[in-house]
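Below, read A as the first sequence line, B as the second, and so on, with proteins coming before strands; counting in each chain starts at 1.
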Amino acid sequence: MSEASRSLNFIEHIIEDDLSAGFPKKQLRFRFPPEPNGYLHIGHASSICLNFGLGLRYDAPVNLRFDDTNPAKEESEYVEAIKRDVEWLGFQWAEERYASDYFQQLYDWAEQLIRDGKAYVDSQTSEEIAAQKGTPTEAGTESPFRNRSVSENLELFRGMKEGKFAQGEHVLRARIDMASPNMLLRDPVMYRILHRAHHRTNTDWCIYPLYDWTHGESDYIEQVSHSLCTLEFKPHRPLYDWFLDCVTEPDKLRPKQREFARRNLSHTVVSKRKLLELVTGGHVSGWDDPRMPTISGLRRRGCTPEAIRNFADTIGIAKRENVVDVALLDFHMREHLNKVAPRVMAVLDPIKLVITNYPEGQEEWLETENNPEDPEAGTREIPFSRELYIEQEDFREEANRKFFRLKLGGEVRLKSGYIIKAERAVKDDKGRVVEVHCTYDPKSRSGSGTEESMRKVKGTLHWVSASHAIPAEVRLYDRLFTDPTPDQHKDRDFMEFINPDSLEVVQAWLEPGLETAQPSDRFQFQRLGYFCVDPDSTPANLVFNRTVTLRDTWAKIEQKEA
RNA sequence: UGGCCUAUGGUGUAAUUGGCAACACUACUGAUUUUGGUUCAGUCAUUCUAGGUUCGAGUCCUAGUAGGCCAACCA
C-alpha cells in the first residue's frame with residue numbers, strides 16, 4: 001500500500017481534521033456536479049479524480065449530480081457524454097442525481113423563505129437590478145420592492161410559478177444586505193421566469209432556480225458532507241451558508257463547501273467558450289478531435305484512463321494559481337502505454353531498401369517480441385524479404401559519428417532481422433535518393449545464436465517488408481498552441497498562438513498483422529511513438545492517431561547541433 | 001476608495017504542525033540497451049521582500065510587494 005504513505009492534500013487534511021473532531025466516517029459523502037452544457041475536459045478530470053478518489057479512499061459514496069437549472073443551455077446529449085467520460089475514467093457513482101429532481105422541494109423552501117421575510121419578489125428589469133447592485137467599492141441600493149408584504153410576495157411568486165407573467169417580469173430575490181462588501185450577498189436572485197422546456201422536467205416549470213439557491217440545498221438534500229468546488233466559488237461560500245441556515249434541521253448533516261484551484265494545462269485552453277471557438281472556427285474536427293483537451297479528445301487520441309488518473313494524482317490539489325506542463329501528461333501517457341502497448345513496426349516516411357545479396361522472391365518469417373516490458377505478451381512473426389521500407393531519416397549518404405543509423409559503408413541492425421551494410425544510394429534526375437542498396441550478413445539473423453548474430457552494431461532500425469506491408473493513414477498530432485499559456489496574454493488573442501502544424505497526415509506502411517486492428521486498439525510503433533486506431537478506421541482504410549511520441553534523445557542532439 | 005484568496009527549484013505538489021527543504025516531471029551528465037525507447041546512477045533552491053520573536057522559522061508576528069477572484073435573471 002504505497003497509497004498509505006502518500007502525503008495528504010489540504011482537502012484530505014480538512015477531512016482528517018473533521019474525522020478526528022468526531023465526524024462519523026460513515027457520513028462522508030461527495031459529489032461531482034457538472035452542468036450538462038458541454039463536454040468534460042482535463043480540468044474536470046482533476047475534479048472527478050479528486051471527488052471519486054476521496055470516495056475510494058474513505059469508502060464513501062459519490063453522487064454524480066447534474067446541475068441542470070438552466071434549460072436554455074442544457075441538453076441530455078451532454079448528460080450522456082458526461083456519464084460516458086466518467087465511466088471511461090474508471091469511476092462508479094453511487095447515485096445519478098439531477099438538481100431538477102429537487103425543483104419542488106426548492107420551491108417549497110422558497111415559499112418558506114418568503115414567509116420568513118428572507119425573500120421577496122422584485123419587479124424591476126434586470127438592467128435596473130444590475131444598476132442597483134453597486135460596485136466592489138460602492139454599496140448597492142435597495143429595490144423599491146424590497147419591503148413588499150409576505151402575502152403580496154407569496155401571491156406574486158405563485159403567479160410566477162403558474163405562468164401568469166412573461167419572462168423577465170419578476171424575479172425572486174433573497175433579502176440579505178445590499179451594502180455587503182461581498183457582492184453576492186446583495187440580494188441575489190433566486191428564481192427567474194423562463195418559458196422554456198427543460199430536458200427532464202419538460203414544461204412542468206416556468207420558473208427556474210439559480211445556482212446559488214440550488215447547489216447548497218442539493219448538497220443538503222443528498223447529505224453531501226464535503227462539497228468541493230473551484231476557487232472562483234470562494235466568495236459564494238457565505239451565500240451557500242446563508243441559504244443553508246434558512247433550511248437546515250439540527251438532526252441532519254450540514255454540508256460544507258471547500259474550494260481548490262482549478263488545474264491549468266500548458267499549451268492549451270479549457271474554457272468552454274474558447275474550446276467552442278476552436279470547433280466552430282474549424283481549427284479542429286470537433287469536440288473529440290485528438291488535439292482537444294477534452295476527455296473525449298484524449299480518449300480518441302489514445303490516452304488511457306490510467307494515464308489521466310496518475311496525472312491527476314501527481315499534480316495534486318492546492319489553492320494557488322498553476323499551469324501544469326503538458327509534458328507531465330505526456331510522461332504519464334508514455335509510462336502507462338510503455339507497459340501495455342504491443343510493439344509493432346510501421347514506417348511513416350518510407351525509402352526503399354534493397355538487399356542485393358538476398359535471393360529474389362524469397363521470404364521468411366522472423367520471430368519478434370510483442371512487448372519487452374511484458375514477458376507474458378509473447379511473440380509474433382513478421383515477414384522479411386529482399387525489398388524493405390525504412391524511414392527516410394534513418395539513412396544518410398554521409399554522417400558523423402553521432403549518427404547511429406544507416407550511412408554509406410556503415411552497418412546497422414534491422415530490428416529482429418539481420419545486420420546490413422549500405423553500399424550505394426540510387427538517385428533520381430534531381431539527385432534525390434530513391435533507393436538504398438545494401439548487403440546483409442546471412443549468418444547474423446536475430447536469435448539464431450550464431451556468433452555473427454551476437455555482434456554489436458550501434459544502430460537498430462525498424463522496417464517493413466515492401467511487398468507484405470499494408471498502407472494506412474496516420475495522423476500525426478502535435479500540441480494545439482505554440483505558447484504555454486495562449487490565453488494569458490493581456491494584449492494578444494489566444495488564437496494568435498494556434499499551432500499551424502498541429503496535424504500532419506501521412507500515408508504509412510505497416511506490418512501486415514495490423515490489418516485486423518480495431519478502433520481504440522493501441523500500439524507502439526517502434527522507435528516512433530504510441531498510436532491508436534481511430535474510430536474513422538475501416539479494414540479497407542486503416543487510420544491511426546499518434547497519441548504521443550517516444551522520448552527522442554536524437555532529436556535533441558540534432559537540435560543542439562543546428 | 002472595498003472584500004476574499006494565494007506566494008516553496010524551470011513546472012506541479014510535500015514538509016511529521018517551530019527541528020537536516022522532500023517527491024515527480026522537465027533539462028543536463030553518465031551507465032545499460034537488438035527501440036537514440038525502457039531501466040539505472042547522478043546534477044540543478046538565498047522557501048516573494050524587509051524587519052522581528054526564538055537555541056532554532058518555509059512554518060509564528062509586523063510592514064511591504066506581486067498575482068488571482070468578486071458588479072449574468074450563467075454554473
Base-paired stretches in RNA chain B with three or more consecutive Watson-Crick or G-U pairs, both distances under 3.5 Å, amount to B:2-7 with B:65-70, B:10-13 with B:22-25, B:27-31 with B:39-43, B:48-52 with B:60-64
Position toward the 5' end of RNA chain B (nearest nucleotide), A:A318 or A:A555:
A:A318
Note: for A:K458 and A:V323 on RNA chain B, the residue whose nearest nucleotide lies more 5' is A:V323
Protein proximity profile, nucleotides 70-75 of chain B - base contact B, sugar-phosphate-only contact S, no contact -, cut-off 4.0 Å on heavy atoms
-B-BSB
Look at the side chain of A:R551 against the base of B:U38 and say whether a donor-acceptor pair falls under 3.5 Å; ignore hydrogens and angles.
no
Residues A:D177, A:R186: salt bridge by 4.0 Å N-O rule:
no
Quick check: are there more than 12 heavy atoms from other residues, nucleotides or ligands sitting under 6.0 Å from NZ of A:K421?
no
Charged tip of A:K407 within 45° of A:F395 ring normal and under 6.0 Å:
no
Only residue of A:V324, A:L298, A:N310 satisfying side-chain contact (heavy atoms from CB on, under 4.5 Å) with A:L329 is A:L298
Ring centroids of A:F331 and B:A24 base under 5.5 Å with planes under 30°
no
For the base of B:U34, is there a side-chain donor-acceptor partner from A:R413 under 3.5 Å away?
yes
Confirm from the modelled atom types if A:R405 and B:G36 form a donor-acceptor pair under 3.5 Å, side chain to base only.
yes
Taking donor-acceptor contacts at under 3.5 Å, does the side chain of A:Q488 reach the base of B:G67?
no
Just to be sure I understand the rule, does A:K339 reach a base, reach only the sugar-phosphate, or reach nothing, if contact means heavy atoms closer than 4.0 Å?
nothing
Do A:R148 and A:S123 have side-chain N/O donor and acceptor atoms under 3.5 Å apart?
yes
With ring centroids as reference points, do A:W463 and A:Y389 lie under 6.0 angstrom apart?
no
Presence of donor-acceptor pair under 3.5 Å, side chain of A:E373 and base of B:U39
no
